[in-house]
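Counting convention: from 1, in listed order, for ligands and their atoms alike.
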Amino acid sequence: MKVEFYKHNLDIKDIQNVVDVLKSTFLTTGNVVSDFESQFAEFMQAKHCITTSSCTSALHLSLIAAGVTKDDEVITTPLSFIATANAIEYVGAKPVFVDVERDTGNIDASLISNKVTKRTKAIIPVHLYGQLCDMKSISQIAKKHNLVVIEDAAHAVESSRENYVAGQYSDLSCFSFYATKNLTSGEGGAITTNNPKYVTPLKKLRLHGMSTTAIDRYSKKYSHYDMDVLGWKYNMTNVQAAMMVSQLTQLRARLEKREKIAQRYESAFSKIKEIELIKVLPNSNSARHLFTILTKDRDATLHKLQQRNIGVAVNFNPIHLMTYYKKKYGYKLRDFPNAEYIGAKTITLPLYPKLTKIEQDYVIKSVIEDVVI
Ligand SMILES: *Cc1c(COP(=O)(O)O)cnc(C)c1O
(Lines give C-alpha, C1' and ligand atoms only; values in the text may rest on other atoms or scores of the structure.)
Protein backbone atom coordinates (compact mmCIF):
# COMPACT_ATOMS: atom_id res chain seq x y z
CA MET A 1 0.00 0.00 0.00
CA LYS A 2 1.10 3.57 -0.67
CA VAL A 3 -0.46 6.50 1.17
CA GLU A 4 0.27 9.88 -0.39
CA PHE A 5 1.10 12.74 1.96
CA TYR A 6 -1.43 14.91 0.15
CA LYS A 7 -3.94 14.60 -2.67
CA HIS A 8 -5.66 17.70 -3.99
CA ASN A 9 -9.40 17.88 -4.54
CA LEU A 10 -9.68 19.65 -7.87
CA ASP A 11 -12.88 18.38 -9.47
CA ILE A 12 -14.36 18.55 -12.99
CA LYS A 13 -15.82 21.99 -12.30
CA ASP A 14 -12.50 23.47 -11.17
CA ILE A 15 -10.78 21.97 -14.21
CA GLN A 16 -13.51 23.25 -16.55
CA ASN A 17 -13.13 26.77 -15.11
CA VAL A 18 -9.41 26.64 -15.86
CA VAL A 19 -10.06 25.36 -19.38
CA ASP A 20 -12.49 28.25 -19.94
CA VAL A 21 -9.76 30.73 -19.05
CA LEU A 22 -7.24 28.92 -21.27
CA LYS A 23 -9.68 29.30 -24.16
CA SER A 24 -10.16 33.01 -23.44
CA THR A 25 -7.97 35.96 -24.36
CA PHE A 26 -6.90 37.01 -20.91
CA LEU A 27 -4.59 34.62 -19.06
CA THR A 28 -3.04 36.99 -16.53
CA THR A 29 -4.60 39.17 -13.82
CA GLY A 30 -8.11 40.14 -14.95
CA ASN A 31 -11.81 39.60 -14.27
CA VAL A 32 -11.49 36.09 -12.89
CA VAL A 33 -8.98 37.35 -10.34
CA SER A 34 -11.32 40.19 -9.31
CA ASP A 35 -14.23 37.75 -9.03
CA PHE A 36 -12.20 35.44 -6.82
CA GLU A 37 -11.09 38.41 -4.71
CA SER A 38 -14.67 39.44 -3.96
CA GLN A 39 -15.72 35.87 -3.22
CA PHE A 40 -12.74 35.17 -0.97
CA ALA A 41 -13.31 38.46 0.90
CA GLU A 42 -16.90 37.43 1.47
CA PHE A 43 -15.88 33.95 2.62
CA MET A 44 -13.45 35.45 5.15
CA GLN A 45 -16.00 38.14 6.18
CA ALA A 46 -13.43 40.76 5.16
CA LYS A 47 -14.04 44.05 3.36
CA HIS A 48 -11.17 43.67 0.88
CA CYS A 49 -9.02 40.99 -0.69
CA ILE A 50 -5.87 41.51 -2.74
CA THR A 51 -4.52 38.33 -4.34
CA THR A 52 -0.80 37.71 -4.76
CA SER A 53 1.55 35.10 -6.18
CA SER A 54 2.07 33.41 -2.78
CA CYS A 55 1.67 33.84 0.96
CA THR A 56 5.35 34.76 1.10
CA SER A 57 4.75 37.69 -1.27
CA ALA A 58 1.56 38.56 0.64
CA LEU A 59 3.57 38.81 3.87
CA HIS A 60 6.30 40.82 2.14
CA LEU A 61 3.84 43.34 0.67
CA SER A 62 1.88 43.58 3.93
CA LEU A 63 5.05 44.51 5.80
CA ILE A 64 5.87 47.19 3.20
CA ALA A 65 2.30 48.53 3.22
CA ALA A 66 2.44 48.66 7.03
CA GLY A 67 5.57 50.79 6.80
CA VAL A 68 7.92 48.22 8.31
CA THR A 69 11.43 48.96 7.15
CA LYS A 70 15.14 48.64 7.81
CA ASP A 71 16.16 48.18 11.48
CA ASP A 72 12.58 47.78 12.69
CA GLU A 73 11.70 44.72 14.76
CA VAL A 74 8.83 42.34 14.08
CA ILE A 75 7.66 39.88 16.71
CA THR A 76 6.77 36.41 15.47
CA THR A 77 6.94 32.71 16.27
CA PRO A 78 9.91 30.42 15.67
CA LEU A 79 7.51 27.51 14.98
CA SER A 80 6.42 28.22 11.43
CA PHE A 81 7.51 27.78 7.85
CA ILE A 82 10.62 29.87 7.16
CA ALA A 83 8.56 32.16 4.88
CA THR A 84 7.19 34.01 7.91
CA ALA A 85 10.61 35.17 9.08
CA ASN A 86 12.09 35.47 5.59
CA ALA A 87 9.46 38.09 4.68
CA ILE A 88 10.64 40.16 7.66
CA GLU A 89 14.21 39.85 6.37
CA TYR A 90 13.11 41.04 2.91
CA VAL A 91 12.25 44.49 4.31
CA GLY A 92 15.47 44.64 6.32
CA ALA A 93 13.71 44.28 9.67
CA LYS A 94 14.66 41.85 12.44
CA PRO A 95 12.48 38.88 13.34
CA VAL A 96 12.19 38.76 17.13
CA PHE A 97 10.92 35.36 18.17
CA VAL A 98 8.60 34.62 21.07
CA ASP A 99 8.14 31.06 22.30
CA VAL A 100 4.96 29.09 21.68
CA GLU A 101 2.39 27.44 23.92
CA ARG A 102 3.45 23.89 24.65
CA ASP A 103 -0.01 22.39 24.05
CA THR A 104 -1.08 24.25 20.86
CA GLY A 105 2.20 25.32 19.24
CA ASN A 106 0.82 28.84 18.78
CA ILE A 107 2.70 31.98 19.85
CA ASP A 108 2.30 32.53 23.60
CA ALA A 109 0.54 35.90 23.78
CA SER A 110 1.54 36.34 27.43
CA LEU A 111 5.22 36.51 26.42
CA ILE A 112 4.85 39.15 23.69
CA SER A 113 4.90 42.36 25.78
CA ASN A 114 8.33 41.50 27.22
CA LYS A 115 9.81 41.52 23.73
CA VAL A 116 8.39 44.90 22.67
CA THR A 117 11.07 47.59 22.27
CA LYS A 118 11.13 51.10 20.78
CA ARG A 119 11.93 49.49 17.43
CA THR A 120 9.03 47.03 17.38
CA LYS A 121 6.63 47.84 14.54
CA ALA A 122 4.55 44.73 14.01
CA ILE A 123 3.50 41.29 15.23
CA ILE A 124 3.03 38.34 12.89
CA PRO A 125 1.12 35.55 14.63
CA VAL A 126 0.90 32.21 12.76
CA HIS A 127 -2.18 30.04 13.21
CA LEU A 128 -0.33 26.76 13.48
CA TYR A 129 -1.87 23.65 11.91
CA GLY A 130 -5.22 25.46 11.53
CA GLN A 131 -5.90 26.65 15.08
CA LEU A 132 -6.21 30.41 15.58
CA CYS A 133 -3.88 32.19 18.00
CA ASP A 134 -5.36 34.21 20.84
CA MET A 135 -6.07 37.17 18.56
CA LYS A 136 -8.03 39.15 21.14
CA SER A 137 -5.01 39.31 23.48
CA ILE A 138 -2.60 39.91 20.61
CA SER A 139 -4.66 42.81 19.23
CA GLN A 140 -4.87 44.37 22.71
CA ILE A 141 -1.08 44.22 23.10
CA ALA A 142 -0.73 45.71 19.62
CA LYS A 143 -3.11 48.59 20.44
CA LYS A 144 -1.25 49.36 23.65
CA HIS A 145 2.12 49.60 21.89
CA ASN A 146 0.82 50.96 18.58
CA LEU A 147 1.89 47.92 16.55
CA VAL A 148 0.51 46.58 13.29
CA VAL A 149 -0.78 43.00 13.35
CA ILE A 150 -0.26 40.90 10.23
CA GLU A 151 -1.63 37.36 10.44
CA ASP A 152 0.08 34.47 8.74
CA ALA A 153 -3.16 32.64 8.04
CA ALA A 154 -1.65 30.11 5.62
CA HIS A 155 -3.26 27.29 7.63
CA ALA A 156 -6.40 29.11 8.65
CA VAL A 157 -8.93 29.63 5.84
CA GLU A 158 -11.67 27.70 7.70
CA SER A 159 -10.60 28.34 11.31
CA SER A 160 -12.62 30.06 14.01
CA ARG A 161 -12.11 30.81 17.69
CA GLU A 162 -14.84 32.08 20.00
CA ASN A 163 -16.76 34.21 17.53
CA TYR A 164 -13.97 35.30 15.20
CA VAL A 165 -12.15 34.06 12.09
CA ALA A 166 -8.75 34.98 10.65
CA GLY A 167 -8.49 38.65 9.70
CA GLN A 168 -10.92 40.11 12.24
CA TYR A 169 -8.42 41.16 14.94
CA SER A 170 -5.59 42.34 12.74
CA ASP A 171 -4.68 44.94 10.14
CA LEU A 172 -3.78 42.51 7.37
CA SER A 173 -4.16 38.76 7.03
CA CYS A 174 -2.09 36.64 4.62
CA PHE A 175 -3.20 33.37 3.02
CA SER A 176 -1.46 30.68 0.97
CA PHE A 177 -2.87 28.73 -1.94
CA TYR A 178 0.25 26.56 -2.26
CA ALA A 179 -0.13 23.01 -3.62
CA THR A 180 -0.78 21.30 -0.27
CA LYS A 181 -2.97 23.96 1.35
CA ASN A 182 -6.69 23.44 1.96
CA LEU A 183 -7.59 25.85 -0.84
CA THR A 184 -5.10 25.67 -3.68
CA SER A 185 -4.11 27.01 -7.07
CA GLY A 186 -0.74 25.23 -7.06
CA GLU A 187 0.90 28.51 -6.09
CA GLY A 188 -0.91 31.63 -4.94
CA GLY A 189 -1.74 33.88 -2.04
CA ALA A 190 -4.00 36.65 -0.80
CA ILE A 191 -4.20 39.47 1.70
CA THR A 192 -7.48 40.37 3.38
CA THR A 193 -8.04 43.62 5.23
CA ASN A 194 -10.89 45.72 6.57
CA ASN A 195 -8.89 48.91 6.19
CA PRO A 196 -9.42 50.56 2.78
CA LYS A 197 -6.15 52.53 3.08
CA TYR A 198 -4.15 49.41 2.24
CA VAL A 199 -5.98 48.43 -0.95
CA THR A 200 -4.51 50.77 -3.58
CA PRO A 201 -0.93 50.57 -2.24
CA LEU A 202 -1.07 46.75 -2.15
CA LYS A 203 -2.48 46.55 -5.68
CA LYS A 204 0.31 48.81 -6.91
CA LEU A 205 3.02 47.01 -4.95
CA ARG A 206 2.05 43.63 -6.39
CA LEU A 207 2.62 44.92 -9.93
CA HIS A 208 5.85 46.93 -10.12
CA GLY A 209 4.23 50.02 -8.63
CA MET A 210 2.33 50.65 -11.87
CA SER A 211 -0.53 53.14 -11.78
CA THR A 212 -2.62 51.22 -14.36
CA THR A 213 -2.67 47.51 -15.13
CA ALA A 214 -2.84 45.46 -18.33
CA ILE A 215 -6.56 44.77 -17.85
CA ASP A 216 -7.24 48.52 -17.46
CA ARG A 217 -5.42 49.27 -20.70
CA TYR A 218 -7.14 46.35 -22.42
CA SER A 219 -10.68 47.05 -21.30
CA LYS A 220 -10.75 50.84 -20.97
CA LYS A 221 -9.48 53.79 -22.99
CA TYR A 222 -5.70 53.45 -23.27
CA SER A 223 -3.92 55.42 -20.59
CA HIS A 224 -0.19 55.57 -20.00
CA TYR A 225 1.10 54.09 -16.80
CA ASP A 226 3.34 55.85 -14.36
CA MET A 227 5.37 54.35 -11.54
CA ASP A 228 5.87 56.29 -8.33
CA VAL A 229 6.88 53.51 -5.93
CA LEU A 230 9.06 50.45 -6.44
CA GLY A 231 6.85 47.38 -6.55
CA TRP A 232 7.30 43.67 -7.21
CA LYS A 233 5.94 41.12 -9.69
CA TYR A 234 3.62 39.34 -7.29
CA ASN A 235 0.28 39.22 -9.16
CA MET A 236 -2.06 36.23 -9.42
CA THR A 237 -3.20 35.04 -12.88
CA ASN A 238 -6.73 34.35 -14.16
CA VAL A 239 -5.67 30.71 -14.61
CA GLN A 240 -4.90 30.38 -10.89
CA ALA A 241 -8.02 32.24 -9.78
CA ALA A 242 -10.22 30.05 -12.02
CA MET A 243 -8.99 26.97 -10.16
CA MET A 244 -10.30 28.36 -6.87
CA VAL A 245 -13.70 29.99 -7.45
CA SER A 246 -15.72 26.82 -7.14
CA GLN A 247 -13.44 25.30 -4.50
CA LEU A 248 -14.72 27.99 -2.13
CA THR A 249 -18.15 26.35 -2.07
CA GLN A 250 -16.59 22.98 -1.16
CA LEU A 251 -14.45 24.12 1.77
CA ARG A 252 -16.98 23.45 4.54
CA ALA A 253 -17.76 19.93 3.35
CA ARG A 254 -14.08 19.11 3.00
CA LEU A 255 -13.33 20.42 6.48
CA GLU A 256 -15.97 18.07 7.87
CA LYS A 257 -14.21 15.15 6.21
CA ARG A 258 -10.81 16.16 7.60
CA GLU A 259 -12.39 16.73 11.02
CA LYS A 260 -13.67 13.13 11.05
CA ILE A 261 -10.26 11.76 10.07
CA ALA A 262 -8.51 13.93 12.66
CA GLN A 263 -10.89 12.69 15.34
CA ARG A 264 -10.24 9.06 14.33
CA TYR A 265 -6.51 9.70 14.61
CA GLU A 266 -6.99 11.41 17.98
CA SER A 267 -9.05 8.64 19.48
CA ALA A 268 -6.57 5.98 18.28
CA PHE A 269 -3.42 7.83 19.36
CA SER A 270 -4.65 9.23 22.68
CA LYS A 271 -4.45 5.70 24.08
CA ILE A 272 -0.75 5.42 23.27
CA LYS A 273 1.54 6.83 25.95
CA GLU A 274 4.45 7.19 23.48
CA ILE A 275 2.42 9.70 21.43
CA GLU A 276 1.51 13.26 22.40
CA LEU A 277 -1.03 15.27 20.49
CA ILE A 278 -1.49 18.97 19.76
CA LYS A 279 -4.45 20.25 21.72
CA VAL A 280 -7.43 21.89 20.03
CA LEU A 281 -8.78 24.30 22.63
CA PRO A 282 -12.47 24.02 23.60
CA ASN A 283 -13.18 27.56 22.30
CA SER A 284 -11.57 26.81 18.94
CA ASN A 285 -12.53 25.17 15.64
CA SER A 286 -9.39 24.07 13.86
CA ALA A 287 -9.22 24.22 10.07
CA ARG A 288 -7.50 20.84 10.44
CA HIS A 289 -4.85 21.79 7.93
CA LEU A 290 -2.10 19.57 9.33
CA PHE A 291 -2.37 16.64 11.73
CA THR A 292 0.79 16.14 13.73
CA ILE A 293 1.83 13.69 16.42
CA LEU A 294 4.72 14.20 18.82
CA THR A 295 6.98 11.17 19.27
CA LYS A 296 10.15 10.54 21.23
CA ASP A 297 12.43 9.33 18.48
CA ARG A 298 11.01 11.41 15.67
CA ASP A 299 13.49 10.75 12.90
CA ALA A 300 13.44 6.96 13.42
CA THR A 301 9.63 6.91 13.33
CA LEU A 302 9.59 9.23 10.32
CA HIS A 303 11.89 6.95 8.35
CA LYS A 304 9.99 3.81 9.33
CA LEU A 305 6.73 5.37 8.13
CA GLN A 306 8.39 6.38 4.91
CA GLN A 307 9.62 2.80 4.41
CA ARG A 308 6.01 1.71 4.73
CA ASN A 309 5.19 4.09 1.86
CA ILE A 310 3.34 6.57 4.04
CA GLY A 311 3.87 10.21 3.08
CA VAL A 312 5.09 12.25 6.04
CA ALA A 313 6.46 15.74 6.71
CA VAL A 314 7.97 17.81 9.51
CA ASN A 315 6.10 21.00 10.37
CA PHE A 316 8.32 22.56 11.50
CA ASN A 317 11.96 22.55 12.46
CA PRO A 318 12.09 25.88 14.33
CA ILE A 319 13.23 28.88 12.29
CA HIS A 320 15.72 30.18 14.88
CA LEU A 321 17.75 26.98 14.45
CA MET A 322 18.15 27.43 10.69
CA THR A 323 21.79 28.20 9.88
CA TYR A 324 20.99 31.63 8.41
CA TYR A 325 19.17 32.82 11.55
CA LYS A 326 21.68 31.25 13.95
CA LYS A 327 24.56 32.95 12.15
CA LYS A 328 22.89 36.31 11.68
CA TYR A 329 21.33 36.76 15.13
CA GLY A 330 23.15 34.26 17.36
CA TYR A 331 20.02 32.26 18.14
CA LYS A 332 20.83 28.91 19.74
CA LEU A 333 19.36 25.74 21.18
CA ARG A 334 17.31 26.35 24.37
CA ASP A 335 16.29 29.87 23.32
CA PHE A 336 12.67 28.75 22.74
CA PRO A 337 12.11 25.49 24.62
CA ASN A 338 8.50 24.85 23.63
CA ALA A 339 9.09 25.47 19.93
CA GLU A 340 12.13 23.21 20.13
CA TYR A 341 10.19 20.53 22.00
CA ILE A 342 7.50 20.38 19.31
CA GLY A 343 10.01 20.89 16.48
CA ALA A 344 12.10 17.91 17.61
CA LYS A 345 9.17 15.53 18.01
CA THR A 346 6.62 16.46 15.38
CA ILE A 347 5.57 14.27 12.45
CA THR A 348 2.77 15.33 10.11
CA LEU A 349 0.53 12.51 8.90
CA PRO A 350 -1.64 12.35 5.77
CA LEU A 351 -4.88 14.32 6.23
CA TYR A 352 -7.15 15.08 3.28
CA PRO A 353 -10.71 14.25 2.20
CA LYS A 354 -9.61 11.62 -0.30
CA LEU A 355 -7.80 9.61 2.39
CA THR A 356 -9.77 6.34 2.49
CA LYS A 357 -10.75 4.42 5.63
CA ILE A 358 -8.35 1.64 4.65
CA GLU A 359 -5.52 4.17 4.27
CA GLN A 360 -6.39 5.77 7.61
CA ASP A 361 -6.32 2.35 9.28
CA TYR A 362 -2.96 1.60 7.69
CA VAL A 363 -1.54 4.92 8.94
CA ILE A 364 -2.89 4.35 12.45
CA LYS A 365 -1.62 0.76 12.68
CA SER A 366 1.79 1.69 11.25
CA VAL A 367 2.28 4.68 13.55
CA ILE A 368 1.41 2.62 16.63
CA GLU A 369 3.69 -0.24 15.63
CA ASP A 370 6.53 2.15 14.85
CA VAL A 371 6.40 4.18 18.05
CA VAL A 372 5.70 1.33 20.46
CA ILE A 373 8.87 -0.74 20.51
C1 LIG B 1 2.80 27.51 3.27
C2 LIG B 1 3.14 28.50 4.30
C3 LIG B 1 3.64 29.78 3.97
C4 LIG B 1 4.11 30.13 2.59
O5 LIG B 1 3.15 30.05 1.64
P6 LIG B 1 3.54 30.24 0.10
O7 LIG B 1 2.22 30.47 -0.54
O8 LIG B 1 4.18 28.95 -0.33
O9 LIG B 1 4.46 31.38 0.00
C10 LIG B 1 3.78 30.73 4.95
N11 LIG B 1 3.49 30.43 6.23
C12 LIG B 1 3.05 29.22 6.61
C13 LIG B 1 2.71 28.99 8.03
C14 LIG B 1 2.88 28.21 5.66
O15 LIG B 1 2.50 26.98 6.03
### Message
Main chain of L59, side chain of D152: is a donor-acceptor contact present, judged purely on distance under 3.5 Å?
### Response
no

### Query
Does K328 make a cation-pi contact with Y324, if we ask for NZ or CZ under 6.0 Å from the ring centre and within 45° of the axis?
no

## Note on the structure
The reported gap from CD in Q131 to CZ in R288 (rounded to nearest 0.5 angstrom) is 8.5 Å

## Note on the structure
Residues at least two apart in sequence or cross-chain that pass ring-ring contact (aromatic ring centres under 6.0 Å, His included) with H320, listed by chain then number, are F336

### Message
Give the residues near ligand 1 by chain and number, with the criterion being a heavy-atom distance under 4.0 Å.
### Response
S54, C55, T56, S80, F81, A83, T84, V126, D152, A154, H155, S176, Y178, K181, G188

### Message
D370 and salt bridge (Lys or Arg N to Asp or Glu O under 4.0 Å): which single residue from R298, R308, K296, K365 fits?
### Response
R308

### Query
Under 3.5 Å, is there a donor-acceptor pair between the K7 and N9 side chains?
no

